[in-house]
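These notes are about the structure you will find just below.
We're numbering straight along the sequence, starting at 1.
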Amino acid sequence: MSDMTQFENIYFNQSSRPGRLRFANSGLGWKASSKNVTQPPFLLPQSEFVSAHWSRAAKGYECRVLTKDRGVIQFDGFDLDDFDRLKNTIKHHFDTVLETRPHSIKGWNWGKTEFERSELVFNVSNRPAFEVPYAQVNNSNLVGKSEVAIELSVDHDVAIRGPAGVRDELVEMRFYVPGTVPKNEDDDEDQSDVEEQNAASAFYETIKERADIGQVAGETIVSFSDIMFLTPRGRYDIDMYPSYMRLRGKTYDYKIQYTSIQKLFLLPKPDELHNVLVIQLDPPLRQGQTRYTFLVIQFLKEEEIEVELNLEDDEFEEKYADKLKKKYDQAAHEVVGQVFRGLSGRKITVPGQFQSAHGQAGVKCSLKASEGYLYFLEKSFLFIPKPTVYMAHSDVSSVTLSRVGGSVSSSRTFDLTVTLVTGVSHQYSSINREEQSGIESYLKSKNIKIKNDLVDDQTFLAAALGSESDDSDVEVAPRGDRGSASEDEESVDEDFQADSEDSDIAEEFDENHASSGDDESASGEEDEDDDVIDGDDDDDDDESEDEKPVKKKARND
C-alpha cells in the first residue's frame, strides 16, 4: 500500500461542503474542495488517533474517529464499497481495526444512556440510537425533578451553510430521567447505608463534568469575580477563554461562545451612579423555559478593576496585541467592555449626540408595568433593563407622540409609541414633558416619521376654550364643579355677598315673612304664634348677621 490514501467528497463534522480526506503515516487531514470556502484544513496527528467506527449516516456511511484530546471527529459521505479500502488504510497507518457499529432503527424514544469517553450514547436494545459528543454540549439545565435539558453549540460559520446561508440545526435535547440512583460512596462503607439521590440530578452533574461546563477547562485569559447581572438576575463569576466565556453562579453555569455575541452596548445609567454593559446573544441564553437574548451587567461608576491577562508574551504579541492590553487598571465597566470587545471581535456601541433635558443619554419611562430607561442611540433605540428591547432605525416605521388619559399628571408626561415595519409596536409611557422637544429634534435628524398627537390635542383644546358658541354643554361644564348643575338658577345666587356689612338680607326676610303671615293668618291665636316665631327668627338672623362678617373677616385676615 502507498504511503498516502485519499477519499473524495467527504464531509467533515456535518459540514455542508464536501472535501478531500487523506491518510498518511503521520496522521490524517481534511481540506474543503471548493476554493470559496474559508474553513481551514483539519489535521490530526497519529498520536491523537484512538479508535474508529463505521456506521450508517445521513450522507451514506460515516467513519467516527475517537481522539485523545479532541473528542469525536466525524467523516461522512463514504460509499459502501469504500469499507474494505478504509479498513485496510486505518490498519496500515494507525494499526487499529475499523469496527462496524450498526445503529438501532426501531424508532423508540426510551432507552439507556452511557457516558463514554468522548460522547454520550443513547442505546436502544443494546444498539446506539444516537450519540452526543461532549464537545458539542454548550450548556445543561435541570428542568424540574426528572428532566434534564442539553443545549448544543450552533455552527456560526456562514461560509459552509450553503447557498441560502441558512440551515436547520439541532439546538436542544431533553432527557426524562425518573427514579433515584445510589450516591458514589467509598467501597469500605456499609452498602446498606448508602444514600440515594435523584437520577436526573446525577445525570445533570455527570453532563456538566464530562462537557466541562461547570469546571475549568484549560487556562483562562482573565477572570472577573462577583459581577452583578440584572439579566439574568444574580451575581456571576466570568471566566474568559480564547473561544468562549463561562458564567459561574450559585445555581446555574453557562458556557457562551464568542460567536454567539452579536452586539455590545456600554451605556451610563441616568441615575449617575451606575454603568451597564448590554450583550446581545444569538442563540439566546436559556434558563429552563426562559430565554435571555440580552445579558445586562451593571457596574458602579466609581468601581475600578486591576487585572493582568494570563498570556505569555509571545502569544500575546502574536494574537492579541492589536485587540487587548496586557494589563488593565481603570474603571470596571471599561475593563470588562474592552476585554469583551477584544475577544469577541464586536464593536461597542456608546451613546451618541442625543441628550435629555438633564444631560443624560436616556430618559426614564415605563414599558407596560416595567420601569426602565429608553436610550436614543445613533442607529437604534434601546430599552433596559427588563425586558431589554432593541429596535434598529431601519426597522422602525413611525414614532407616535401621544398623551393618554385625562388626569392632571397626564399633562406633565406623554407616551411614545414605536411602530416597526413588521406591525409590532412598543409603547413607552410616563415620559417627562420637558423631553418632548429634544426627542422630536432627534427623530427629525434621523428622518424617522413622526405622528404628533400632542399637537392635535393642544389645537383641539385651544379651539374649545376660544369658542364663543352657545352650546349648552359648554355652559354647563363650569357649573358642574359647583355640584349643583341639576338645580334651578336660584341655587347659584351670584349676588350674595357674605363679606358685606350693609347686608339687609335679614330685614328683607322679616318683611316677607311677616307679610306672608298676615295674609295667611286665620285667627288671633295664630297671629300671636306667628309673632313668637317671627321674634325668634329675628333674633337668630340678628345673631347670624353679627357673627358672619366677623368670621369671614377673621378668615380674610
Side-chain angles (χ1 to χ4, degrees), residues 138-143 149 151 201 204-205 207-209 211-241 244-258 260-261 263-281 283-310 328-344 346 348 362 370-373 382-388:
N138 195 37
N139 192 29
S140 180
N141 287 314
L142 188 62
V143 184
E151 298 178 21
S201 299
Y204 167 69
E205 295 296 335
I207 282 290
K208 286 179 57 179
E209 179 182 356
D212 292 328
I213 298 174
Q215 298 180 356
V216 175
E219 293 292 335
T220 60
I221 295 178
V222 64
S223 297
F224 303 103
S225 301
D226 200 28
I227 302 299
M228 180 64 188
F229 278 70
L230 300 182
T231 306
R233 190 76 181 181
R235 291 188 175 272
Y236 292 85
D237 295 338
I238 306 177
D239 296 330
M240 312 291 288
Y241 294 88
Y244 67 93
M245 70 174 180
R246 190 162 56 86
L247 305 182
R248 294 184 291 108
K250 295 182 178 180
T251 306
Y252 296 98
D253 293 336
Y254 303 101
K255 180 180 178 182
I256 302 174
Q257 302 289 336
Y258 294 139
S260 300
I261 298 178
K263 290 181 175 62
L264 296 172
F265 302 89
L266 188 57
L267 307 169
K269 290 186 71 174
D271 61 3
E272 298 184 353
L273 297 176
H274 301 90
N275 289 277
V276 292
L277 176 65
V278 183
I279 305 172
Q280 183 180 3
L281 300 177
L285 190 69
R286 301 184 183 183
Q287 190 178 96
Q289 299 287 352
T290 308
R291 297 184 178 185
Y292 296 99
T293 307
F294 293 89
L295 306 181
V296 182
I297 309 175
Q298 179 173 277
F299 304 91
L300 284 172
K301 202 169 187 178
E302 305 298 331
E303 182 183 0
E304 294 186 354
I305 292 181
E306 181 179 357
V307 295
E308 181 177 357
L309 302 187
N310 185 24
Y328 291 93
D329 185 8
Q330 56 194 92
H333 63 278
E334 295 179 357
V335 174
V336 177
Q338 292 179 21
V339 172
F340 268 93
R341 181 185 62 182
L343 294 178
S344 67
R346 300 294 183 182
I348 294 182
S370 302
E371 292 186 356
Y373 301 98
L382 183 68
F383 178 81
I384 60 171
K386 189 176 182 180
T388 304

Which heavy-atom pair separates [X] from [Y] by the least distance, and what is that distance?
X      : Y      : answer
Gln330 : Val335 : CG-CG2, 3.4 Å
Arg286 : Asn139 : O-ND2, 4.0 Å
Phe383 : Glu371 : CZ-C, 4.2 Å
Glu151 : Asn141 : OE2-ND2, 3.6 Å
Ile261 : Ser344 : CD1-CB, 4.0 Å
Gly372 : Pro385 : CA-CD, 4.0 Å

Short question: side chain of [X], backbone of [Y] - any donor-acceptor pair under 3.5 Å?
X      : Y      : answer
Tyr373 : Pro268 : no
Tyr241 : Thr220 : no
Thr293 : Leu281 : no

[atom1] of [X] to [atom2] of [Y]: how many Å apart, nearest 0.5 Å?
X      : Y      : atom1 : atom2 : result
Leu267 : Leu277 : CG    : CG    : 9.0 Å
Leu285 : Asn138 : CG    : CG    : 9.0 Å
Leu264 : Gln338 : CG    : CD    : 12.0 Å

Set out, in order, the CA-CA distance, both residues' side-chain angles and the distance that settles side chain to side chain contact (heavy atoms under 4.5 Å, CB included) for Phe340 and Met245, then state yes or no. CA-CA 9 Å; Phe340 268 93; Met245 70 174 180; 3.2 Å; yes
When the side chains of residues 230-238 are checked against the rest of the protein, which donor-acceptor pairs come out under 3.5 Å, sequence neighbours left out?
{"residue": "Arg235", "atom": "NH1", "partner": "Asp226", "partner atom": "O", "Å": "3.3"}
{"residue": "Asp237", "atom": "OD1", "partner": "Asp226", "partner atom": "N", "Å": "2.8"}

For residues 296-307, run the donor-acceptor check on the side chains, cut-off 3.5 Å, and write out each pair with its distance to 0.1 Å, sequence neighbours left out.
{"residue": "Gln298", "atom": "OE1", "partner": "Lys269", "partner atom": "NZ", "Å": "3.1"}

